[in-house]
Amino acid sequence: MAGMLRADAVRKSFGANEVLKGISLDVAQGEVVCLIGASGSGKSTFLRCLNLLEQVDDGDIWLDDVEITDPQVDADDVRQRVGIVFQAYNLFPHLSVLSNVCLGPVKALGRARSEVEVEAMGLLDRIGLSAKAKSYPDALSGGQQQRVALVRAIAMRPQILLLDEITSALDPMLVGEVLDVIRDLRRDGMTIIMATHEMTFAREISDRMVFMADGQVEESGPPEQLFTAPQSARTAEFLARHRG
Ligand code: ADP
Ligand code: MG
């Protein structure tokens with residue numbers, strides 16, 4: 001089966017700094033792919049290209065049978081179908097938790113507020129935060145805020161979810177509750193590409209891990225292959241240094 005998302009030889013430079021040197025990746029429906037690699041290896045840039053937050057210099061990206069890197073394609077439409085959650089909680093501070101979750105579906109998708117609220121309350125209930133619906137983000141812990149950020153992305157019913165180091169800024173005590181939400185999403189069949197430093201979690205959750213180095217895919221495969229029988233010495237060395 002052809003992948004639902006396919007990047008083919010994607011290149012991206014910032015000035016003279018070539019950050020992505022021909023990255024290809026094919027992700028099937030329901031697959032969970034973890035991007036790992038040293039800081040600066042291009043993980044965030046690649047995710048941002050997949051969401052059209054960065055324009056690629058060369059190569060192309062397909063979502064189902066649409067080439068989304070075609071300049072004719074409506075980037076807002078693509079961003080609604082490709083959800084993204086970042087490291088820093090980016091909830092709107094002046095909106096309640098419930099309004100944060102409802103804003104996108106109401107404003108961008110034009111759905112009825114009343115119907116969206118019911119769905120949002122259901123989603124908040126699933127992450128144990130329905131009692132916080134009327135609270136403002138600053139009344140929540142970092143872990144709670146990240147769980148709301150995940151629910152807010154899900155409320156848009158994206159086809160695929162990109163997660164960029166979403167536990168990196170959290171107190172270690174709060175990481176587990178965010179990872180639990182990702183486990184739930186996987187169980188529901190959500191297609192996910194996540195950049196992470198949580199190697200133990202990546203090994204557990206991913207169908208495939210992609211090790212990026214110097215703007216290229218150094219190695220990719222099932223987690224057990226990377227952890228127990230890496231093909232590349234660089235992969236072995238990276239994982240030896242970063243395993244939990
Ligand atoms: P990672 O997420 O793997 O840490 P990034 O994609 O954030 O890597 O960064 C890869 C490289 O691209 C780094 O050298 C970084 O400084 C550079 N970079 C990222 N975004 C920009 C930008 N907007 N302008 C200039 N350089 C950038
Ligand atoms: Mg990054």
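Atoms considered below: every heavy atom in the structure, side chains included; atoms not considered: hydrogens, waters and symmetry mates. We count ligands from 1, going down the list as the structure has it; atoms in each ligand are counted the same way.
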With no hydrogens and no angle check, just 3.5 Å: does a side-chain donor-acceptor pair link Glu67 and Thr69? yes
Between the side chains of Asp26 and Arg208, is the shortest nitrogen-to-carboxylate-oxygen separation below 4.0 Å, so that they form an ion pair? no
Arg152 and Asn100: CA distance, side-chain angles, deciding distance, side chain to side chain donor-acceptor pair (under 3.5 Å) verdict:
CA-CA 7 Å; Arg152 185 175 62 170; Asn100 263 282; 3.2 Å; yes
>> Between Glu119 and Arg111, does any side-chain N to carboxylate O distance fall below 4.0 Å?
In response: yes
**Prompt:** Going through the checks in order, is the side chain to side chain donor-acceptor pair (under 3.5 Å) test met by Asp60 and Trp62?
**Reply:** CA-CA 7 Å; Asp60 45 53; Trp62 293 74; 3.2 Å; yes
Between the CG atom in Leu98 and the CG atom in Leu103, the distance rounded to the nearest 0.5 Å is 11.0 Å
Just checking, is any N or O donor in the side chain of Gln145 or Asp138 under 3.5 Å from an acceptor N or O on the other one? no
Gln225 and Glu219: side chain donor to acceptor below 3.5 Å | yes
- Message: Taking a cutoff of less than 4.0 Å between a non-hydrogen atom of the residue and any ligand atom, is Gly42 in contact with ligand 1?
- Response: yes
The closest protein heavy-atom partner of atom 7 (O) of ligand 1 is Ser44 CB, 3.6 Å
Atom 16 (O) of ligand 1 sits nearest the protein heavy atom Asn17 ND2, 4.7 Å
Is any heavy atom of the protein nearer than 4.0 Å to atom 21 (C) of ligand 1?
-> yes
Atom 12 (O) of ligand 1 sits nearest the protein heavy atom Val19 CG2, 3.1 Å
One finds that the ligand 1 atoms under 4.0 Å from a non-hydrogen atom of Ser39 are 4 (O)
- prompt: Salt bridge check: are Asp76 and Arg81 linked by an N-O gap of less than 4.0 Å?
  reply: no
| request: For Ala38 and ligand 1, answer yes if some heavy atom of the residue is under 4.0 Å from a ligand atom, otherwise no. | output: yes
Report yes if some N/O of Lys43 lies less than 3.5 Å from some N/O of ligand 1; otherwise report no.
yes
If you count every protein N, O or S atom closer than 2.8 Å to the Mg ion (ligand 2), you should arrive at 1
message = Checking Ser232 against Glu218: is there a side-chain donor and acceptor pair closer than 3.5 Å?
response = yes
Of all protein heavy atoms, the one nearest atom 27 (C) of ligand 1 is Phe14 CD1, 3.2 Å
With heavy atoms and a 4.0 Å threshold, my read on which part of Ala195 contacts ligand 1 is neither
Check: Looking at Arg234 and Asp214, does any basic side-chain N land under 4.0 Å from a carboxylate oxygen?
Finding: yes
If we number the atoms of ligand 1 from 1 as shown, the ones under 4.0 Å from a heavy atom of Thr45 are 5 (P), 6 (O), 9 (O), 19 (C)
Closest to atom 1 (P) of ligand 1 among protein heavy atoms sits Gly40 N, 3.5 Å
Charged N-O contact under 4.0 Å between Glu204 and Arg183: yes
